[in-house]
Amino acid sequence: MNLFQRPQFISDQDMQRIHEASLYLLENKGIVFKSPKALALLKNHGARVDGEIAYLPKALVEDCLAKVPSSFRVEAVNPDRSVTVGGDLIIHPSGGEVFIKDAADNRRGEVTLQEFADLQKIYQACDNVNMCGYQPLSPEDVPKKTRGLWCLYESMLYTDKPWLAPMDYSSGADKSRELDMYEIVFGKEYVNSHHVTWSIVCPESPMVYSRFSCESIMEFAGRNQPITLVSAPMSGITAPVHILGIIVQANTETLAGLCLAQCVRPGIPVLPSASLTYGNLKLGTWECSSPDTALMLAGAVQMYKEYYHLPARAQTGVTSSKCVDYQAGYETMQSLLLTALMDVDVTSQSAGSLENLLTISFEKTVIDNEIIGRVRRIIQGIDNQEDAFSVDIIMETGHGKDFLMHDSTLDHLRDGWQAEISDWNRYDQWRNSPYPDIEKRAHARVRDILGSAGQILDPSVAKELKNYIAHAEGNN
C-alpha cells in the first residue's frame, strides 16, 4: 500500500490565484487562434472574437473544464498492453529529437528510417515504457510530406503497445491521414468509439495557437481521439522570468486549448502537459534539466492534478548532457523522481534523451528503462499490512541468529527489485566482466534486443498500410 504524501510546492491559496489570473488573461488579453474555423466555433460557444483573438469568458472556461474526464483509456492492438491515463505512471517515448548518438565515438548523426524502427523495437522490449510510436527521431531518408506516416507504419510493424501519433504534419489533412492508418488496423467503427492515440498540440508561447495546432485539435477531437496540450514556455524568453508567472502563462494557454477541444466534442479527454522550461539567460538558451525547470514542472503538475482534477503529463527524465555519463544520470533521476512523487500520470522524454531533447541514445534508452523501474518501486511505497511488521518473525528468531532460512524469507526472496543494467556484483566480478562500463553493458543489451526483434503486425495489414502511404505520396 502506497502511503507517501505528495509534495506541495504551491499553496491552496496560490493555486486559486493562478486559476483566477488565467481566467482574467483569457477574458481580457485573449488568445490568438490562427484558424477562422476555430474562431467561429469559439464564438458560437460564447467567446468574443476580434480579428484573430478570442476572448474566453469565465463561464465558458469553467463549463468546458467540467466536461473533461479525470481518466481515460488508450487501446492497444494487444489489449493486454492498453493503458488507463489517470491511474498508474505511464511512460511514453521521447519526441522531437534531431540526432542519434553513436555509442562508439560519442558523435551524433542524422537519422534513417531503419534507426527509427530499431528504436521502436527497443521500446517494445523495455517493460517500463508503456507506449510506442510518436516521433523520438525524424528520419531524413523518407519524403518529408509522408515522414509521419512512415514513422507510424514502423511503430505499428514492430510494437503492440499503444501507438502515439507522430508530430510531423503541415495541415489538418496530414493528421487525418494518420487517423486513417489507425482505422486500417482497428477498423473505422472501433476508432470512432474508442481512444487509440492522442494528438500532441503545442501552443506558440506567448498566447498563440497556430493554424496547424487548431487543425490538429479539431481533427483529432472530431474523430474521438484525445488531445494532449503541451504548453512549453521558457522563463524570461517566451514567458515571465518568475516561476509562478510562467505557470500562470502555461496554465492560461492550456485552458484555451482545452476550451477549443470541448467546443469540438464535449467530453473529449484532454491531457495537460507540464513542459515549462528554465530560460538560461547567461547563454541565451533553454535548460530542461535545471532545478528551476523541475520546480516549474512540479508546480504545473500540482495545478492540473489537485486544482483541476485532471490527468497530468510532464516532460521529465531529461538531461542536457551530451553523453551517457554521471550528469545524464543525476539530471534524469532529478526530474523523473520529483514528478513521479507529484503523482504525474504520463511522462515524455523519459527514455534515451540527451542534449536538451536534441539527441537520442539507444543505450541511454535501456538505462533509463531501469531508472524508471527504480522510480516505480519507490512510489509503490512501503507495505503496511499487519504481517509486514514482522513481530512474530522477530520473536521466532533467536538472538544473534539470521533470517536467511526463515519461511518468510524463502517465501519472498524473489520479491525484491533487481537491477538489469547496473552492476551489483563484487569488485572482482565487475573487474573481470566483459562490459565493466555501463554504456557498454547497455550496448550489449541493445544488440540482444535488435537481434531478436521481429515484425508483430499481420503481414496483410502491413501491406495495406504501405499501399496507403504510397497512395498518399502519389497525391502530393
Side-chain angles (χ1 to χ4, degrees), residues 1-9 11-12 70-71 80-91 125-130 291 294 298 301-302 305-306 309 311-312 314 316-317 326 329-347 350-351 366-433 435-436 438 441-442 445:
M1 182 177 181
N2 188 350
L3 293 177
F4 78 82
Q5 291 188 338
R6 183 189 305 164
Q8 187 174 52
F9 289 90
S11 69
D12 292 345
S70 59
S71 66
D80 293 337
R81 300 280 200 170
S82 299
V83 298
T84 298
V85 178
D88 293 333
L89 175 64
I90 294 169
I91 308 293
C126 288
D127 292 339
N128 285 302
V129 177
N130 305 99
V301 169
Q302 181 184 333
K305 295 282 293 185
E306 292 189 18
H309 305 292
T316 186
Y326 188 81
Y330 67 69
E331 289 181 343
T332 296
M333 180 60 91
Q334 169 188 270
S335 62
L336 180 60
L337 180 57
L338 180 58
T339 49
L341 290 174
M342 294 301 297
D343 199 23
V344 73
D345 298 289
V346 180
T347 78
S350 304
V366 297
I367 294 171
D368 287 346
N369 182 61
E370 180 181 306
I371 289 177
I372 296 163
R374 291 171 179 268
V375 170
R376 288 192 193 280
R377 175 62 192 93
I378 291 168
I379 64 176
Q380 283 177 359
I382 299 173
D383 179 11
N384 70 336
Q385 300 300 311
E386 185 64 32
D387 60 356
F389 287 86
S390 307
V391 174
D392 290 344
I393 298 171
I394 297 170
M395 286 294 296
E396 293 168 2
T397 304
H399 295 80
K401 304 297 183 180
D402 64 64
F403 295 81
L404 280 172
M405 298 306 295
H406 193 278
D407 287 346
S408 63
T409 302
L410 298 175
D411 288 343
H412 296 282
L413 62 86
R414 298 185 186 277
D415 292 355
W417 186 90
Q418 290 292 318
E420 181 179 7
I421 304 297
S422 298
D423 184 282
W424 284 3
N425 291 308
R426 299 189 309 269
Y427 177 84
D428 58 331
Q429 293 173 313
W430 165 78
R431 185 64 183 264
N432 295 323
S433 69
Y435 307 114
I438 189 169
R441 290 196 299 276
R445 173 65 178 141

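Source: prediction; values computed, not measured.
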From CD1 (I91) to CG (N369), nearest 0.5 Å: 9.5 Å
- line: Shortest non-hydrogen pair, I394 vs F403, comes out as CA-CE2, 4.3 Å
- prompt: Closest approach of S71 and G86, non-hydrogen atoms and distance?
  reply: CB-CA, 4.0 Å
Between CZ on residue R376 and CG on residue L336, distance to nearest 0.5 Å: 9.0 Å
- line: Here the side-chain hydrogen bond (donor to acceptor under 3.5 Å, both in side chains) pairs for residues 395-405, sequence neighbours left out, are E396-H406
query: So how far is it from S390 OG to D392 CG, rounded to the nearest 0.5 Å?
result: 9.0 Å
Pairwise side-chain contact, P7 with M342, heavy-atom cut-off 4.5 Å (strictly under): yes
Donor-acceptor pair, side chain of Q334 and main chain of A294, under 3.5 angstrom: no
- line: Heavy-atom nearest pair, D345 first then V85, reads CB-CG1, 4.4 Å
Show me the side-chain donor-acceptor pairs of residues 414-421 shorter than 3.5 Å, one per line, residues at least two apart or across chains.
residue	atom	partner	partner atom	Å
D415	OD2	H412	ND1	2.6
W417	NE1	G373	O	3.4
E420	OE2	R445	NE	3.1

- line: Taken to the nearest 0.5 Å, the spacing of D368 CG from T332 OG1 works out to 5.0 Å
message: Please enumerate all residues that pass ring-ring contact (aromatic ring centres under 6.0 Å, His included) together with Y330, with sequence neighbours excluded.
response: Y326
Rounded distance (nearest 0.5 Å) linking atom CD of Q302 with atom CG of D343: 11.5 Å
message: For W430 versus P436, what's the shortest heavy-atom pair and its separation?
response: NE1-O, 2.9 Å
- request: Taking atom CG of D127 as the centre, report whether more than 12 heavy atoms of other residues, nucleotides or ligands fall under 6.0 Å from it.
  value: no
Donor-acceptor side-chain pairing of R374 and S422 below 3.5 angstrom: yes
query: How far apart are the closest heavy atoms of A312 and V344, and which atoms are they?
result: O-CG2, 3.3 Å
- prompt: Do the side chains of L89 and T347 get nearer than 4.5 Å, heavy atoms only?
  reply: yes
query: Would a 4.5 Å heavy-atom cut-off, applied to side chains only, mark V375 and M333 as touching?
result: yes
- prompt: Which pair of non-hydrogen atoms, one from I372 and one from S350, has the smallest distance, and what is that distance?
  reply: CD1-O, 3.8 Å
